[in-house]
J.: 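Submitted below is the structure of interest, expressed as C-alpha cells.
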Amino acid sequence: MQALKDALRQAEQHGVAIGHFNVSDIVLLKAVFAAAQELKVPVIVGASEGERASMGVRQIAALVKSIRDEFDFPIFLNADHTHSRASAEEAARAGFDSIVFDLSALPFEENVRKTKEAVVALKSIHPSMLVEGEIGDIGSGSEIHETMPDRSRGLTTPEEARQFVKETGVDILAPAVGNMHGMSKSMVQGETKKRLNIERIAAIKKAAAVPLTLHGGSGTDDDDFRRAIAAGINIVHINTELRVAWRRSLEASLAAKPDEVVPYKIFPPVVESIKEVVASRLTLFNNSALVAQEHSAV
Ligand SMILES: [Zn+2]
C-alpha cells in the first residue's frame with residue numbers, strides 16, 4: 001500500500017494537489033471516500049482535535065484503515081490542527097498518517113523550538129508519520145463568519161519558511177498566503193471569493209523546498225486554486241463547504257420526509273450532496289492527472 005509520502009511525491013511530479021476533507025461523522029467519511037473512489041484519486045481525511053473528540057481518536061483511525069484495507073485504496077488520515085503534545089502523541093499511537101502540529105499562535109522562536117521537539121517525539125512513536133508545521137495567521141474556526149478580515153497582510157515570508165523548515169525538520173509546511181479558515185456569509189452565497197498570493201506561494205516553495213499545504217480552502221477562487229497548485233501547493237484543505245452541504249442537505253432531507261425516523265433513510269441524500277462538493281473539488285485539484293487518466297483509458 002502506498003504511503004502518504006509517496007502520494008505527495010507523485011502529486012508534486014504530476015502538478016496536482018491531494019484534497020484534504022475534514023470529517024466529524026460517518027456521513028462525511030462515506031461521502032469523501034465515495035467521491036475519491038469514483039475519481040480514482042488519493043484523498044486525505046482530516047480530523048481536528050474537536051472532530052477527533054466527536055468520533056474517537058482510535059475509532060476514526062480504525063474506520064479509515066478499514067476502508068484502505070478493504071478497497072486497497074490510497075485514503076490517508078491526518079490529525080488536523082493539534083495544539084498539544086499529549087493529543088499529538090495520542091494520534092501518533094493511533095496510527096495517523098500525518099499531523100498538523102499547530103503552534104502558530106505562539107511567537108516564532110517558541111513555535112520553532114516546540115515544533116522541533118514534537119517532530120522528534122512523534123517520529124519516535126510512529127516513524128513514518130509526516131509532521132506539518134504552521135507559521136502565520138490563518139484564523140481558527142471552519143465556520144461561517146459575518147465578515148472576513150483582510151488577509152493580504154501578515155503573510156508568511158520566504159525567509160521565515162526557510163528557517164522554520166530547516167530548524168524544525170517538519171515534512172510539510174502550512175503557510176499564510178491569503179488563505180483563511182471559515183467562510184463569510186457572502187462566500188457561502190457565492191458572491192465573493194478568497195484570493196491567494198500566488199507569487200508568495202512560489203517564493204515560499206523555493207525557500208522551504210518541502211510539500212506545502214493550503215488550509216482554509218473553502219470559498220477560494222477556482223483559478224487561484226489552479227495557479228496555487230502550479231506554484232507549489234500539494235495539499236488543499238476543504239472543511240466549511242462540506243459542513244454547509246451537510247447542514248443544508250440534512251434540513252432538506254428531513255423536510256422531504258417529515259415522519260421518517262430511520263437514520264439510514266434520511267442520510268443517503270446527505271451523503272450524495274457532500275459527495276458532489278468533494279468530487280468537484282477533487283476534479284479541480286487533480287485536473288491534469290484526470291486528463292491523463294482519461295487519455296490512457298482510451
Ligand atoms: Zn486548517
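What you see below is based on every heavy atom in this structure, not just the backbone, and it leaves out hydrogens, waters and symmetry mates. Whatever order the structure lists ligands and atoms in, that order sets their numbers, starting from 1. No experiment lies behind these values; they were computed from the predicted model shown.
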J.: What about His215 and His20, are their ring centers closer than 6.0 Å?
T.: no
J.: Any chance the rings of His237 and His181 have centres within less than 6.0 Å?
T.: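 No, they do not, as the ring centres are separated by 6.0 Å or more.
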J.: I need the protein N, O or S atoms closer than 2.8 Å to the Zn ion (ligand 1), given as residue plus atom name.
T.: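 Near the Zn ion (ligand 1), the protein supplies His81 NE2, His181 NE2, His215 ND1.
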J.: Considering all heavy atoms of both residues, which atom of Ser249 and which atom of Pro269 are nearest to each other, and what is their separation?
T.: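 Residues Ser249 and Pro269, closest heavy atoms: CB-O, 4.3 Å.
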J.: Centres of the Phe96 and Phe76 rings: under 6.0 Å?
T.: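 They do not qualify: ring centres at least 6.0 Å apart.
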J.: Looking at Lys123, I'd like to know if its NZ atom is crowded, meaning that more than 12 non-hydrogen atoms belonging to other residues, nucleotides or ligands lie closer than 6.0 Å.
T.: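 Yes, NZ of Lys123 has more than 12 neighbouring heavy atoms, counting only those of other groups under 6.0 Å.
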J.: Inspect the contact between Asp97 and Arg68 and indicate whether a charged nitrogen and a carboxylate oxygen are less than 4.0 angstrom apart.
T.: yes
